[in-house]
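Below is one structure, written out as structure tokens; comments come after it.
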Amino acid sequence: MDPLLQDDFATVLARNPGEDEFHQAVAEVLESLGPVVRKHAEYHEHSIIERLCEPERQLIFRVPWVDDQGRVRINRAFRVEFNSALGPYKGGLRFHPSVYLGIVKFLGFEQIFKNALTGLPIGGGKGGSDFDPKGRSEGEVMRFCQSLMTELYRHLGEYTDVPAGDIGVGQREIGYLFGQYKRITNRYESGVLTGKSIAHGGSQVRTEATGYGTVFFTEQMLAESGSTLSGRRVVVSGSGNVAIYAAQKAAELGAQVVACSDSSGYVVDEQGLDIALLRQVKEVDRTRISAYAEQRAGATFVAGGSVWDVPCEVALPCATQNELDGAAARTLADHGAIAVAEGANMPCTPDAVRLFHERGVLFAPGKAANAGGVATSALEMQQNASRDSWSFEHTEDRLREIMHGVHARCAAAADEYGAPGNYVAGANISSFLQVADAMLALGVV
Ligand code: NDP
């Protein structure tokens with residue numbers, strides 16, 4: 001890291017003890033910014049980095065709810081409103097037992113830069129709870145969502161803070177959250193949450209957007225090196241929202257998607273994943289990935305283990321943070337991987353990213369590759385504001401255009417700052433410049 005940035009990083013470590021994921025996310029960005037602060041003294045003079053690393057507002061609150069046995073349960077929820085220089089805070093809610101302030105801050109910090117990369121007017125935020133939806137009934141999930149919104153609603157608004165889904169939060173949860181918001185406020189303010197179902201103000205393609213966008217970015221990255229996805233062997237990790245639609249779009253573009261996973265293990269299906277069956281197992285039955293192998297002749301389930309042991313040319317990590325470490329990266333490179341694109345947020349550890357760069361494996365960081373989800377959320381806000389709804393085709397065209405723009409911005413910034421082909425540097429520099437200039441223009445606020 002450039003010596004000019006080391007004091008800022010030391011401040012982050014001191015102010016946020018024990019928040020390892022947040023430290024990791026900040027370090028990754030600061031490591032790219034040396035040439036930028038050398039060229040632009042004004043950022044340092046106005047403490048832009050220190051300001052960027054300190055959230056504008058952090059909320060932590062209790063969520064009491066009653067389970068099906070009549071017992072009172074208590075969870076903790078968070079909303080970190082990180083930066084609103086470019087627009088209202090925007091970013092998802094995650095329900096997973098691992099959620100604590102450090103996870104929400106890492107995700108919120110990433111979100112600032114991701115949202116800037118889309119070129120759309122949205123600031124960065126993130127939230128969530130340590131609630132575990134696994135094994136909970138519909139009624140329990142609904143009561144939890146209603147209780148969470150009973151506190152959160154006062155902090156939201158289409159011009160203030162607009163949450164969406166993330167791990168453990170899909171259309172069902174967004175529906176319950178929106179229902180409670182509407183009831184409390186007595187306002188049908190569609191633009192206050194995104195990821196809604198089409199039945200109540202959602203956008204076409206929002207469900208598919210993150211996975212599709214990751215594949216559109218991958219396509220562009222391969223095209224730069226004169227290659228395509230067609231005929232490529234692809235492995236996806238996870239089997240949730242992002243993984244399913246990344247697999248679907250890659251298959252549509254002619255790739256052979258041979259494996260996916262969940263936290264219990266992975267399936268290998270050499271014929272190419274049957275996406276309809278995958279959707280049935282995960283979206284309708286809401287069960288484990290092993291059920292896919294039970295229902296598909298020729299597919300095998302491997303309990304535990306690493307999906308990255310399955311040889312592939314293109315890897316799309318779409319599960320969770322730090323799921324692909326240096327050893328897994330080495331295995332992938334040894335097996336001949338040519339490209340890796342992060343559908344999830346920060347799934348590759350710093351060691352893994354270093355190895356990909358050393359071995360010449362094309363690497364797309366999540367803040368660029370998975371920006372299609374939030375970009376389509378912004379399109380949902382646009383449709384809500386104008387009381388309009390667009391066709392699937394039109395929305396998908398807009399998403400493709402936005403992802404091409406994200407790719408172009410990353411590539412141009414990497415070239416300009418002497419790191420051609422380095423999408424990590426390109427994504428961090430391009431988005432930082434945009435946010436930093438907006439912050440400078442807004443004065444000390
Ligand atoms: P889902 O809840 O739909 O799916 C998550 C998937 O990842 C599940 O298959 C889950 O398996 C697996 N997973 C979660 N934690 C672990 C773990 N510790 N080890 C192994 N597998 C795990 O979430 P999404 O698909 O929405 O999100 C996936 C990633 O994409 C996250 O990093 C999220 O932040 C990121 N993202 C999501 C966006 C969106 O629009 N949804 C937008 C941009 C980024 P299991 O069911 O066993 O837990």
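This chain uses plain numbering: 1 for the first residue, then up along the sequence. Order of appearance sets the numbers: ligands from 1, and atoms from 1 within every ligand.
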Do we see a donor-acceptor contact under 3.5 Å between the side chains of Asp262 and Ser239?
no

Measure the distance from atom 19 (N) of ligand 1 to every protein heavy atom, then report the residue, atom name and distance (to 0.1 Å) of the closest one.
Ser263 CB, 3.9 Å

Arg62 atom CZ, neighbour heavy-atom count above 12 within 6.0 Å
no

Which bit of Lys134 is near ligand 1, meaning a heavy atom under 4.0 Å away: side chain, backbone, both or neither?
side chain

Taking only heavy atoms of Cys318, which atoms of ligand 1 are found under 4.0 Å from at least one of them?
28 (C), 29 (C)

So which protein heavy atom does atom 41 (N) of ligand 1 come closest to, and at what separation?
Asn241 OD1, 3.5 Å

Tell me: protein heavy atom nearest atom 9 (O) of ligand 1, and distance?
Ser239 N, 2.9 Å

Step-by-step side-chain contact (heavy atoms from CB on, under 4.5 Å) determination, Leu52 to Phe113
CA-CA 10 Å; Leu52 246 177; Phe113 303 99; 4.2 Å; yes

Identify the residue among Arg279, Gln280, Gln295 that makes a side chain to side chain donor-acceptor pair (under 3.5 Å) with Asp285.
Gln280

For atom 27 (O) of ligand 1, what is the closest protein heavy atom, and at what distance to 0.1 Å?
Ile167 CG1, 3.6 Å

Could an N or O of ligand 1 be found under 3.5 Å from any N or O of Gly165, whether backbone or side chain?
no

Could you identify the single nearest non-hydrogen protein atom to atom 24 (P) of ligand 1 and state the distance to 0.1 Å?
Val242 CG2, 3.9 Å

Any idea which part of Met346 is under 4.0 Å from ligand 1, heavy-atom wise: side chain, backbone, both or neither?
neither

Under 4.0 Å from a heavy atom of Ala344: give me the atoms of ligand 1 that qualify, with their elements.
29 (C), 30 (O), 32 (O), 35 (C)

Considering Thr320, Asp262, Leu107, Ile289, which one's heavy-atom position lies nearest to atom 14 (C) of ligand 1?
Thr320

Using atom types as modelled, flag every donor-acceptor pair under 3.5 Å from a side chain in residues 164-173 to any protein atom, sequence neighbours excluded.
residue, atom, partner, partner atom, Å
Asp166, OD1, Lys126, NZ, 2.9
Asp166, OD2, Arg94, NE, 2.6
Asp166, OD2, Arg94, NH2, 3.2
Gln171, NE2, Thr207, OG1, 3.1
Arg172, NH1, Glu138, OE2, 3.1
Glu173, OE1, Gly170, N, 2.8

Which residue and atom name correspond to the protein heavy atom nearest atom 28 (C) of ligand 1, and how close is it?
Ala319 O, 3.2 Å

Numbered atoms and elements of ligand 1 in range of Arg206, under 4.0 angstrom, heavy atoms
40 (O)

Any idea which part of Thr210 is under 4.0 Å from ligand 1, heavy-atom wise: side chain, backbone, both or neither?
side chain

Under 3.5 Å: donor-acceptor pair, side chain of Arg398, backbone of His394
no

Quick check for you: to the nearest 0.5 Å, what is the distance between Lys249 atom NZ and Leu316 atom CG?
14.0 Å

If you compare all heavy atoms of Leu117 against all heavy atoms of Ser431, which two are closest, and at what distance to 0.1 Å?
CG-CB, 3.9 Å

Could you list which atoms of ligand 1 come closer than 4.0 Å to a heavy atom of Gly238?
9 (O)

Find all atoms of ligand 1 within a distance of less than 4.0 Å from any non-hydrogen atom belonging to Arg94, and give their numbers and elements.
31 (C), 32 (O), 33 (C), 34 (O)

To the closest 0.5 Å, what do you measure between CZ (Arg154) and OG1 (Thr150)?
8.5 Å

Can Gln321 be said to touch ligand 1, with heavy atoms closer than 4.0 Å?
no

Within 45° of the ring axis of Tyr188 and under 6.0 Å from its six-membered ring centre, is that where the NZ or CZ of Lys182 lies?
no

Pairs where residues 18-31 contributes a residue and the test salt bridge (Lys or Arg N to Asp or Glu O under 4.0 Å) is met, not counting sequence neighbours:
Glu19-Lys105, Glu28-Lys367

Heavy-atom nearest neighbour in the protein, as seen from atom 33 (C) of ligand 1, with distance rounded to 0.1 Å
Asp166 OD1, 3.1 Å

Output yes when a protein non-hydrogen atom is found under 4.0 Å of atom 16 (C) of ligand 1, and no otherwise.
yes

Once rounded to the nearest 0.5 Å, what's the spacing between atom CG of Leu278 and atom CG of Asp269?
10.0 Å

Starting from atom 6 (C) of ligand 1, find the nearest protein heavy-atom neighbour and note its residue, name and distance.
Gly240 N, 4.0 Å

